[in-house]
Amino acid sequence: MTDLHTPAIDLVQPCTTMSDVRRHIDALDDILVPLLVQRTGYMTQAARIKPSASLVRDEARIEAIVQRVRAAAAAHGGQPDVVEAMYRSLMEHSIAYEHREFARLRAGQADAARNSPAARDAAGSAA
């Protein structure tokens, strides 16, 4: 892991074989994947909180994130253009996921409303 004062690029270990490179990448992936899963969980929360599907894509927020991660990449000795491209892809997939979650959560609410005792009583009264 990095601390806030050491640029991440300075923590890259010297490698002499592809096996070394892959071992270090795998170790980083072991850290990244749980964080990405956690980030995805917040997309579900956003889908639950937002009142309209039209609010899922927020261009101002996308650009704010891009600027923040570009600055962080530069501060850590990385390549801002590469990090931006990765984040833009991540955000597009996150937005698509949030749209699916928005629809899934609303469908669940509609099903629950149709199956509620009040709805069953109303349907029984109408019959």
Side-chain angles (χ1 to χ4, degrees):
M1 281 303 242
T2 66
D3 67 43
L4 297 177
H5 306 291
T6 303
I9 197 69
D10 293 345
L11 300 172
V12 174
Q13 301 295 308
C15 299
T16 57
T17 67
M18 282 308 300
S19 179
D20 289 343
V21 170
R22 290 177 178 138
R23 184 171 35 82
H24 287 288
I25 289 172
D26 289 348
L28 290 171
D29 287 342
D30 291 344
I31 295 166
L32 288 171
V33 169
L35 293 173
L36 291 170
V37 170
Q38 188 176 359
R39 190 181 196 284
T40 303
Y42 285 109
M43 304 318 301
T44 298
Q45 296 297 308
R48 179 181 52 79
I49 292 167
K50 290 178 183 176
S52 168
S54 67
L55 298 174
V56 170
R57 175 178 284 281
D58 182 341
E59 293 297 334
R61 174 70 176 148
I62 291 168
E63 293 311 313
I65 291 169
V66 166
Q67 292 309 308
R68 187 173 58 77
V69 300
R70 285 183 64 86
H76 280 281
Q79 299 295 316
D81 291 343
V82 173
V83 171
E84 177 181 346
M86 288 189 285
Y87 259 82
R88 285 192 182 277
S89 178
L90 172 65
M91 289 186 288
E92 287 305 317
H93 288 283
S94 295
I95 290 165
Y97 174 76
E98 187 178 334
H99 273 293
R100 291 190 306 272
E101 283 295 275
F102 188 92
R104 181 187 66 81
L105 292 168
R106 298 315 181 279
Q109 290 172 353
D111 289 343
R114 279 193 301 275
N115 293 322
S116 72
R120 285 194 305 269
D121 289 347
S125 306

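No experiment lies behind these values; they were computed from the predicted model shown. For reference, positions follow the sequence shown, starting with 1.
Linking ILVMFWY residues whenever their side-chain heavy atoms come closer than 4.5 Å, directly or via other members, places Ile62 and Met86 in the same cluster. Neither Tyr87 nor Leu32 shares a network with the other; the hydrophobic side chains, linked directly or stepwise wherever heavy atoms of I, L, V, M, F, W or Y lie under 4.5 Å apart, form separate groups for each. Put simply, Met18 and Ile25 are part of the same group of oily side chains (I, L, V, M, F, W, Y) that touch within less than 4.5 Å, one to the next. Clustering ILVMFWY residues whenever any of their side-chain heavy atoms sit less than 4.5 angstrom apart, transitively, puts Met43 in a cluster other than the one holding Leu55. Leu35 and Tyr97 fall into different hydrophobic clusters, where Ile, Leu, Val, Met, Phe, Trp and Tyr are joined by side-chain heavy atoms under 4.5 Å apart, directly or via other members.
Of the inter-residue distances, the one linking His99 atom NE2 with Ser94 atom OG reads 11.5 Å to the nearest 0.5 angstrom. Note that the CD1 atom of Ile95 and the CG atom of Leu90 stand 9.5 Å from one another [nearest 0.5 Å]. Separating the CE atom in Met91 from the CZ atom in Arg39 is a distance of 7.0 Å, to the nearest 0.5 Å. Atoms CG and CG, from Leu11 and Leu28 in turn, are 10.0 Å apart once rounded to the nearest 0.5 Å. Atom CZ of Arg88 is separated from atom CD1 of Ile65 by 10.0 Å, given to the nearest 0.5 angstrom.
Sparse packing is recorded around CD of Gln79, with 12 or fewer heavy atoms of other residues, nucleotides or ligands lying under 6.0 Å away.
For the side chain to side chain donor-acceptor pair (under 3.5 Å) criterion with Thr44, the lone passing option out of Arg104, Arg100, Glu101 is Glu101.
Contact record, Asp29 with Pro34: O-CD, 4.2 Å, taken as the closest heavy-atom pair. Summarising the geometry of Ala74 relative to Pro80, their closest heavy-atom pair is CB-CG, 3.9 Å, with the distance given to 0.1 Å. Closest of all the heavy-atom pairs between His24 and Cys15 is CD2-SG, 3.7 Å. When all heavy atoms are compared, the tightest approach of Asp10 to Thr6 is CB-CG2, 4.2 Å.
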Verdict with reasoning, Gln67 to Arg70, per side-chain hydrogen bond (donor to acceptor under 3.5 Å, both in side chains): CA-CA 5 Å; Gln67 292 309 308; Arg70 285 183 64 86; 5.1 Å; no
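The pair Asp26-Arg23 does not meet the salt-bridge criterion, since no charged nitrogen lies less than 4.0 angstrom from a carboxylate oxygen.
At a threshold of 4.5 Å between non-hydrogen side-chain atoms, the residues Glu98 and Gln45 do not count as touching.
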